[in-house]
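Inspection log for the structure reproduced underneath, given as structure tokens.
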Amino acid sequence: MGRFPRGRGWRYAVHSMADARNIRSHLETLVTTAVSRAVASGELPDVAVPTAAIERPKDPANGDFASTLPLRMARGAMRPPLELAKVIAKHFPEDAAVERPEVAPPGFVNFRLTSAFLQAQVEQTIALGENFADLALGEGKKAQVEFVSANPTGPLHVGNGRGAAIGDALAAVLAAAGYEVEREYYVNDAGTQTDTFGDTLYARYQQLAGREVSIPADGYPGEYMVDLARTIRDRDGDRYLREPGEASPPELNALGLELMVAQIGETLARFGVSYDRWYSEKSLYGAEGTYEQAMEVLREQGQLMQREGALWFTSSELGENKDNVVVRSDGRPTYYASDIAYHYDKFLRRGFSLVADIWGADHHGHVSRLKTAVRALGVDANALQILLYQLVTLKRGGEVVRLSKRGGEIITLDELVEEVGADAARFFFLMRSPGAQMDFDLDLAVRQSNENPFYYVQYAHARLASILQRAAEQGLTPDGGKVGLLSQPHELALIREMMRLVDIIETVATTFEPQHLPHFAMELATAFHAFNDAFKQAGDPGLKVITGDEDMSRARLRLVLAAKIALARVLGLMGMSAPERM
RNA sequence: GCCCCCGUAGCUCAGGGGAUAGAGCAGACGCCUUCUAAGCGUCUGGCCGCAGGUUCGAAUCCUGCCGGGGGCGCCA
């Protein structure tokens, strides 16, 4: 640890030992070293020591990082925590990245990063470019994020947008964390709701042909079904018409689903989401025999049982509160059976080591069942992460609008994107933790669009771009800027903020809490705006980014470039654009 | 009846064992001869739903209660 004498080769020391990606573990090592040195010197009793417990103080006055180790080990060591903190600080090794620690009551050891370390992060950021803040957490393992997967029985509504924003951001973060990620949409093109959809479509189709029929009682009353029927009739005429009273033709059903899935795909594309694969539920029952193989595994486990004319998965033997039907008495498999087969395919066929299913909270009752089934297939329970998001309560003019495909009124995702824009909608969805119910007042969102926080973040990016643009017009570029010149408090504060993205990515990738992204984005934007306006406040033209001092200008342009990279990265992870000008 | 989520500033929400509880919007007052004022600064605003408990330390963990939402189908 103190192997590198001060004043010699700090660059080598910093680069070889610590950067933004491993500074925490670096600090842990230093604290552990300090403790063992103190024990060796007899100043600390040789007792069991908890982990170094490196935290980030809320108040920057308490440093960049802090250890609460003294508070945690006080009881075991039978010494006051403040005293332990002083001893640990005393034996803390010299290090290029960290200043001498400070001790604060009741027993914190506070660490401040050196200017040299912070300055080096600017170079690091520029060197990494669009890979800035990438982690190796996933070790290149295959991960899948399956999200939205709404029944193709109608257009996507606002609630689906929440799932889309969350799933897409999570996929991006997992990719940044080192997983090989695939985005997937599970198309429910089999099952009873699909049949009802077909019956509704055929009823509308017949109505257009002048027949007096009504849609099924449990059918889909939305106007879009009339539009869909009309589209098909305009294209193919009456060719799907059968004798009055006959059942709806399967070809019409299939065509309707195909068109609906295509429409959903276009909606999501407008929202900025694209999938690697659209997976057909029906294909589970095709030539590949996925369904049969999955059931065979359960049968081998002795977990299938014929009873009351149906086939049951004996999940109660595996800790569930009841058994569940996989094949109905009429011979048709349930949705549950499909999902078991689907996850058999995800894990055992395609070999994903991490699968994240993003579901609306109305699927809550299905979570435990599916996890149990997946475990019965021989898959590690932790490999399947099911993230539930609470449904969106939509308001228009303060009045609650119910979101239901079967009810009359729905607000579509297309309408939302048209009214408030994809970037704003995504930011809004991501800001809330998935588990929290959220109100979305459309009128308010539109009216306040110029004051929405996402503009604040994008505006920061545009200002950064603008500074680089202005400098370039004067022949000034970041090239050759010496980051060692960056020493103003607001310059270093900006670097400190940029560094946090590594923490954010790790947190989101391990806790599946995407709301940290927009919150961090706002804080980074704040750090930049404060940096930028500090020059104005000071009233000193020498403090601007672009000044008469060319060396200083180039150094600050390097910081501006790095900050732009960091901001663009977090905007990208959220699936938002990073405009060069606004 | 049982299970899950939520209750934090006027509003919408972060924080989910550590230091004086935060942001945006709303409200008050300042700041453009200046690389974008879609910005910055200062101020106002809180029994962190209630009551117990665990802990050196609880908005955070546990128990109970109150309030809001969701789930518990041979629907998906």
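Chain identifiers are assigned alphabetically (A, B, ...) following the order of the sequence lines, protein sequences preceding nucleic acid strands; residue numbering begins at 1 within each chain. Side chains included, hydrogens not; waters and symmetry mates left out as well; all remaining heavy atoms used.
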Is there a side-chain contact between A/His490 and the phosphate of B/rC40, meaning an N or O under 4.0 Å from OP1 or OP2? no
For A/Glu497 and B/rA23, give me the distance from atom CD to atom C1', rounded to whole Å. 13 Å
Please measure how far the P atom in B/rG30 lies from the corresponding atom in B/rG69, and state the result in whole Å. 45 Å
Would you mind classifying the nucleic acid contact of A/Gln458 as base, sugar-phosphate or nothing, using non-hydrogen atoms under 4.0 angstrom? nothing
Rounded off to whole Å, could you give me the CE-to-P distance for the A/Met522 and B/rA23 pair? 10 Å
For B/rG22 versus B/rU60, give the span between their C1' atoms, rounded off to a whole number of Å. 15 Å
Separation of A/Tyr455 atom OH from B/rA38 atom P, in whole Å? 12 Å
Using a 4.5 Å cut-off on heavy atoms from C-beta on, say whether the side chain of A/Phe520 contacts that of A/Glu497. yes
Note, A/Ser248 side chain near A/Asn253 side chain (heavy atom, < 4.5 Å): no
Please report the distance separating the P of B/rC6 from the corresponding atom of B/rU63, rounded so that it comes out in whole Å. 14 Å
Kindly say if A/Ser433 contacts the phosphate of B/rA14, meaning a side-chain N or O under 4.0 Å from OP1 or OP2. yes
Does the side chain of A/Arg432 get closer than 4.0 angstrom to OP1 or OP2 of B/rC6 through an N or O atom? no
Look at all strands and tell whether A/Ala74 reaches a base, only sugar-phosphate, or nothing, counting heavy atoms closer than 4.0 Å. nothing
Nearest-angstrom distance, C1' atom, B/rA21 to B/rG46: 9 Å
Mind calculating the distance between CG (A/Asp59) and P (B/rU20) to the nearest angstrom? 10 Å
Report the base-pairing partner of B/rC2 (Watson-Crick or G-U wobble, both distances below 3.5 angstrom), or none. B/rG71
Which part of the nucleic acid does A/Asn110 contact within heavy-atom distance under 4.0 Å: base, sugar-phosphate only, or nothing? base
Please classify B/rC32 as syn or anti, treating any glycosidic angle within 90° of 0 as syn. syn
Can you tell me if the side-chain N/O atoms of A/Gln515 get under 4.0 Å from OP1 or OP2 in B/rG15? yes
Using both distances under 3.5 Å as the test, list the Watson-Crick or G-U wobble partner of B/rU63, or none. B/rA51
What's A/Ser466 touching, base or sugar-phosphate or nothing? Going by heavy atoms closer than 4.0 Å. base
If you compare every side-chain N and O of A/Arg463 against the phosphate oxygens of B/rA37 (OP1, OP2), does one of them come in below 4.0 Å? yes
Which part of the nucleic acid does A/Ala436 contact within heavy-atom distance under 4.0 Å: base, sugar-phosphate only, or nothing? sugar-phosphate
Applying the Watson-Crick and G-U wobble criteria at under 3.5 Å, what pairs with B/rA9? Answer none if nothing qualifies. none
How is A/Lys58 classified with respect to the nucleic acid when contacts are heavy atoms under 4.0 Å: base, sugar-phosphate, or nothing? base
Sugar-phosphate, base or nothing in reach of A/Ala471, heavy atoms under 4.0 Å: nothing
With a cut-off of less than 4.0 Å, is there a side-chain N or O of A/Tyr456 near OP1 or OP2 of B/rC40? yes
Check: A/His366 ring centre within less than 6.0 Å of A/Tyr336 ring centre: yes
At under 4.0 Å between heavy atoms, what does A/Asn532 touch on the DNA or RNA strands: base, sugar-phosphate, or nothing? base
Could you tell me the separation between the CE atom of A/Met582 and the P atom of B/rC35, rounded to a whole number of Å? 18 Å
Side-chain N or O of A/Arg332 closer than 4.0 Å to phosphate OP1/OP2 of B/rC75: no
At 4.0 Å (heavy atoms only), tell me whether A/Ala66 reaches a base, stays on the sugar-phosphate, or touches nothing. base
Salt-bridge contact A/Arg24-A/Glu28 (side-chain N to carboxylate O under 4.0 Å): no
In whole Å, what separates the C1' atom of B/rG15 from that of B/rU20? 16 Å
With a 4.5 Å heavy-atom cut-off, do A/Pro152 and A/Asn188 have their side chains touching? yes
C1' atom, B/rC11 versus B/rU54: distance in rounded Å? 36 Å
What does B/rA28 pair with, Watson-Crick or G-U, if both distances are under 3.5 Å? B/rU42
Applying a 4.0 Å non-hydrogen cut-off, can you work out what A/Arg369 is touching in the nucleic acid: base, sugar-phosphate, or nothing? base
Categorize A/Arg328 for me: base, sugar-phosphate, or nothing, with a 4.0 angstrom heavy-atom threshold over every strand shown. base
What is the separation between atom NE2 on A/His516 and atom P on B/rC13, rounded to the nearest whole Å? 17 Å
Rounded to the nearest Å, what distance is computed from the NE2 atom of residue A/His363 to the P atom of nucleotide B/rC72? 10 Å
Decide, yes or no, whether a salt bridge links A/Glu580 with A/Lys564 under the criterion of side-chain N to carboxylate O below 4.0 Å. yes
Heavy-atom distance under 4.5 Å between the side chains of A/Val187 and A/Ile264, does that happen here? no
Rounding to a whole Å, what distance do you find between A/Leu304:CG and B/rC74:C1'? 15 Å
If you look at every strand shown and take non-hydrogen atoms under 4.0 Å, does A/Asp439 touch a base, only sugar-phosphate, or nothing? sugar-phosphate
Considering every strand and a 4.0 Å limit on heavy-atom distances, what is the contact class for A/Asn188: base, sugar-phosphate, or nothing? sugar-phosphate
salt_bridge(A/Asp533, A/Arg463) N-O dist < 4.0 Å: yes
Taking atom P in both B/rA51 and B/rG70, what distance in whole Å separates the two? 28 Å
What's A/Glu523 touching, base or sugar-phosphate or nothing? Going by heavy atoms closer than 4.0 Å. nothing
